[in-house]
Amino acid sequence: MSDSPTKMWSGRFREPLNKTFEEWQRSFPFDWRLLPQEVAASKAHARAIAAAGILTDAELATMLDGLDKVLAQTTLTPAVVAEAPEAEDIHHFTELLLTRIIGDLALKLHTGRSRNEQIATDMRLFVREAIDATLYGLREWRSSLIDLAESAGEAVMPSYTHLQRAEPVLVAHWLLTYLSQLERDSTRLVDARKRMNLCPLGSGAIAGATLALDRTIAARALGFDAPTPNSMDATSDRDFALEFTQAIATLGIHISRFAEELTLYSTAEFGFLDLPEAFSTGSSAMPQKKNPDLTELIRGKSGRLLGAATTLATLIKGLPLAYNKDLQEGQEPVFDAADTIAGMLSVLPPFTASLKFRFDRMKLAAETGYLNAMAAATYLSNKGVPFRKAHEYIGNAVRLGLETNRELQHLTLDELHNICPEFGEDFYASITLEATLDCHDVIGGTARHRVRQALADARKRLEAEAGKV
């Protein structure tokens, strides 16, 4: 790119850098991907220094055009690193290329600016875009989950506690569980975006710019709500990156739990669904196998998200104010988290849309194993039996059923009377599958009309969010 290896800071030094150290300490091999953010921030800063009288109108126009050409002339792939072996970081690369395009005028761009505030700004812009992309992906996946829940209708499945069958629920109710989790994930990301949307430009290296810059110019140009209120905090703060990776890590946990359940439910032991072949692979040794690669990979990739958040927290916790080069190590975990969640959310909507449940198997599992025991205890409670006693009586009935290989609904009324005289003929109607579902007639319960309403509400919330974008 350039014959001159001059550093942005070399004036004070007499000795050249050790070559091995020079290559090892470069951030350009990974921060090259911040070029769009670096160009945007540089254009905003150019407008601010023009307003301060550093650039004429003609010089500003030339500078802005040159920065546009920097972006247009650069292929954003890792290969760009080989094209600029002298570039120390994305800021140096941009300055070198801008100088080649517009000449020495490019050297005015760094007036009143420090790389400390530049990287803080670039990373905020990157994280903000990553949040927006993640929110879009979440909306797409939530839409697929709602579609799947609606298509399930009133299909029934067993729910589990301690991985033991508990009570019957609607399949839609189970899927709505994940919608609730994803809605919380979305709000966490929205909140994080709101907190981080302040502009560091004008903070200088640590104490603020040495020019009387109007910081609101750059903030407005970049879509920030306002300038950051403290220059030391602005240049050293990485809370925004930590919040992003932590929110993404929590999202990853939710995705992993979903993947785990689908992996379990697709086994022959459960048999609740057939995994779509388009998202599965086979075994090189066993011809009969259909492996759940997508769900297994998602479980694994959630660990990378947790690792990114942990790396950032560990990196930041012991740093004195303000900027330290340790923070350079915080870029790659953010990039990895953004890339990983983008990949996961690219496959989850079509995968979810192609899921096929075996509703007959799910219903059979929900009708056996005494999943109506809670409804049975509620029946006795409604007859005036104290719940603790009702619980005991139904436990006795379950034990009788286990000993005679019968479900509760198959015990005779005489047998039930021997346990508790409050049993009546209406008991059997109170423990049918439909009655068991509808006895949970509370907001958030699995009663059929409650689930229908919950689905409609989830759809409305999703549409409202999409309408705000």
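- At a threshold of 4.0 Å, the pair Glu434-Arg448 does not count as salt-bridged, since none of the basic side-chain nitrogens sits closer than that to a carboxylate oxygen.
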| said: Using the rule given for salt bridge (charged side-chain N to carboxylate O under 4.0 Å, His left out), can you reason through Lys389 versus Glu392, listing the C-alpha separation, both sets of side-chain angles and the distance that settles it, and then say yes or no? | reply: CA-CA 5 Å; Lys389 296 299 293 182; Glu392 179 183 348; 3.3 Å; yes

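- Applying the 6.0 Å contact sphere to NE2 of His391 captures no more than 12 heavy atoms from other residues, nucleotides or ligands.
- Residues Phe423 and Leu380 form a side-chain contact, since some pair of their non-hydrogen atoms from C-beta on lies under 4.5 Å apart.
- In this structure the side chain of Ile341 reaches within 4.5 angstrom of the side chain of Ile255, judged on heavy atoms.
- Under the 3.5 Å distance criterion, the side-chain polar atoms of Tyr428 are matched with a main-chain donor or acceptor of Leu413.
- For the residue pair His440/Glu167, the side-chain donor-acceptor check at 3.5 Å is satisfied.
- Few gaps surround OH on Tyr160; more than 12 heavy atoms of other groups in view lie less than 6.0 Å from it.
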| task | Just do the salt bridge (charged side-chain N to carboxylate O under 4.0 Å, His left out) check on Arg459 and Asp147 with the steps written out, would you? | result | CA-CA 9 Å; Arg459 176 74 73 183; Asp147 290 343; 2.6 Å; yes

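- Applying the 6.0 Å contact sphere to CD of Glu277 captures no more than 12 heavy atoms from other residues, nucleotides or ligands.
- A donor atom on one side chain and an acceptor atom on the other are found under 3.5 Å apart for Arg113 and Ser42.
- Side chains of Asp360 and Leu364 form no contact here, defined as non-hydrogen atoms less than 4.5 Å apart.
- Judged purely by distance below 3.5 Å, without hydrogens or angles, the side chains of Ser203 and Thr235 never pair a donor atom with an acceptor atom.
- Taking every heavy atom of both residues into account, Ala51 and Ile217 meet most closely at CB-CD1, 3.4 Å.
- In terms of heavy-atom proximity, Gly252 sits nearest to Leu305 at CA-CD1, 3.8 Å.
- The stretch residues 348-357 participates, sequence neighbours left out, in these side chain to side chain donor-acceptor pair (under 3.5 Å) pairs: Trp141-Thr352.
- A side-chain donor from one of Thr412 and Glu415 sits under 3.5 Å from a side-chain acceptor of the other.
- Asp239 and Arg195 are not joined by a salt bridge, as no carboxylate oxygen comes within less than 4.0 angstrom of a charged side-chain nitrogen.
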| task | Check the pair Leu182 / Leu145 against side-chain contact (heavy atoms from CB on, under 4.5 Å), numbers first and verdict last. | result | CA-CA 10 Å; Leu182 299 184; Leu145 281 168; 3.6 Å; yes

| Taking it one step at a time, do Arg215 and Thr228 satisfy side chain to side chain donor-acceptor pair (under 3.5 Å)? | CA-CA 9 Å; Arg215 294 186 63 204; Thr228 48; 2.8 Å; yes

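- Side-chain contact between Phe30 and Pro78: absent, with no pair of heavy atoms (C-beta onward) separated by less than 4.5 Å.
- Atom NZ of Lys325 sits in a crowded spot, with more than 12 heavy atoms from other residues, nucleotides or ligands closer than 6.0 Å.
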| said: salt bridge (charged side-chain N to carboxylate O under 4.0 Å, His left out), that's the test. Do Asp68 and Lys43 meet it? Break it down for me. | reply: CA-CA 9 Å; Asp68 285 337; Lys43 291 173 70 174; 2.8 Å; yes

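- In this structure, CG in Leu411 is found 12.5 Å from NE2 in His417, a value given to the nearest 0.5 Å.
- The salt bridge (Lys or Arg N to Asp or Glu O under 4.0 Å) analysis of residues 253-272, with sequence neighbours excluded, yields the pairs Glu260-Arg299.
- In this pair, Phe258 and Tyr178 present their aromatic rings perpendicular. The plane angle is above 60°, beyond the 30 to 60° band.
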| request: Start with the C-alpha distance between Ile90 and Thr94, add both sets of side-chain angles, then the distance that settles side-chain contact (heavy atoms from CB on, under 4.5 Å), and finish with yes or no. | output: CA-CA 6 Å; Ile90 187 60; Thr94 303; 4.2 Å; yes

| task | Show the numbers, then the answer: is there a side-chain contact (heavy atoms from CB on, under 4.5 Å) between Glu407 and Glu367? | result | CA-CA 9 Å; Glu407 295 289 327; Glu367 289 178 325; over 6 Å; no

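- Within the 4.5 Å cutoff, no side-chain heavy atoms of Thr263 are placed close to those of Phe270.
- In this structure a side-chain-to-backbone donor-acceptor pair under 3.5 Å is present from Ser114 to Asn116.
- Around CG of Leu402, the count of heavy atoms belonging to other residues, nucleotides or ligands within 6.0 Å exceeds 12.
- We find the CG-CG distance between Leu71 and Leu98 to be 12.0 Å, quoted to the nearest 0.5 Å.
- There is a side-chain donor-acceptor pair under 3.5 Å between Asp441 and His449.
- Taking CG of Leu135 as the reference point, atom OG1 of Thr187 lies at 9.5 Å (rounded to 0.5 Å).
- Judged by distance alone, with hydrogens and angles left aside, the side-chain atoms of Thr404 form a donor-acceptor pair with the main-chain N or O of Leu400 at under 3.5 Å.
- Proximity of Leu348 to Ser144: side-chain heavy atoms (C-beta onward) are nowhere separated by under 4.5 Å.
- For the residue pair Asp185 / Gln181, no side-chain donor-acceptor distance below 3.5 Å is found, with atom types taken as modelled.
- Between Asp457 and Arg450 there is no salt bridge, since none of the side-chain N atoms of the basic residue sits less than 4.0 Å from a carboxylate O of the acidic one.
- No side-chain heavy atom of Glu243 sits less than 4.5 Å from a side-chain heavy atom of Met196.
- Between Pro168 and Leu437, the shortest heavy-atom contact is O-CD2, 3.6 Å.
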| query | Should Asp214 and Arg220 be marked as a salt bridge (charged side-chain N to carboxylate O under 4.0 Å, His left out) after you check the CA-CA gap, both sets of side-chain angles, and the distance that decides it? | reply | CA-CA 11 Å; Asp214 181 351; Arg220 283 196 305 269; 5.0 Å; no

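- Summarising the geometry, atom CG belonging to Leu138 is positioned 11.5 Å from atom CD1 belonging to Ile131; distances are rounded to the nearest 0.5 Å.
- Relative orientation of the Phe272 and Tyr265 rings is tilted, given thresholds of 30° and 60° on the angle between their planes.
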| said: Let's go through His91 and Asp122 carefully: what are the C-alpha distance in whole Å and the side-chain angles of both, what is the deciding distance for side-chain contact (heavy atoms from CB on, under 4.5 Å) to 0.1 Å, and is it a yes or a no? | reply: CA-CA 10 Å; His91 320 298; Asp122 291 354; 3.5 Å; yes

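- Side-chain N or O atoms of Tyr379 include none that pairs as donor or acceptor with a backbone N or O of Ala429 at under 3.5 Å.
- For the residue pair Thr281/Asp293, the side-chain donor-acceptor check at 3.5 Å is satisfied.
- A 4.5 Å side-chain heavy-atom check between Leu34 and Ile119 finds at least one atom pair inside the cut-off.
- Side chain of Thr340 to backbone of Ala337: no donor-acceptor contact under 3.5 angstrom is found.
- Under a cutoff of 6.0 Å and an axis angle of 45°, Arg128 and Phe224 form a cation-pi pair.
- Relative to the six-membered ring of Phe335, Arg33 meets both conditions, a distance below 6.0 Å and an angle of at most 45° to the axis.
- Judged by distance alone, with hydrogens and angles left aside, the side-chain atoms of Tyr370 form a donor-acceptor pair with the main-chain N or O of Gly401 at under 3.5 Å.
- In summary, Arg193 and Asp225 do not engage in a salt bridge, as defined by a charged side-chain N under 4.0 Å from a carboxylate O.
- Using a 3.5 Å distance cut-off with no hydrogens or angles, the side chains of Arg165 and Thr368 do pair a donor with an acceptor.
- Between the side chain of Asn230 and the main chain of Asp233, a donor-acceptor pair closer than 3.5 Å is present.
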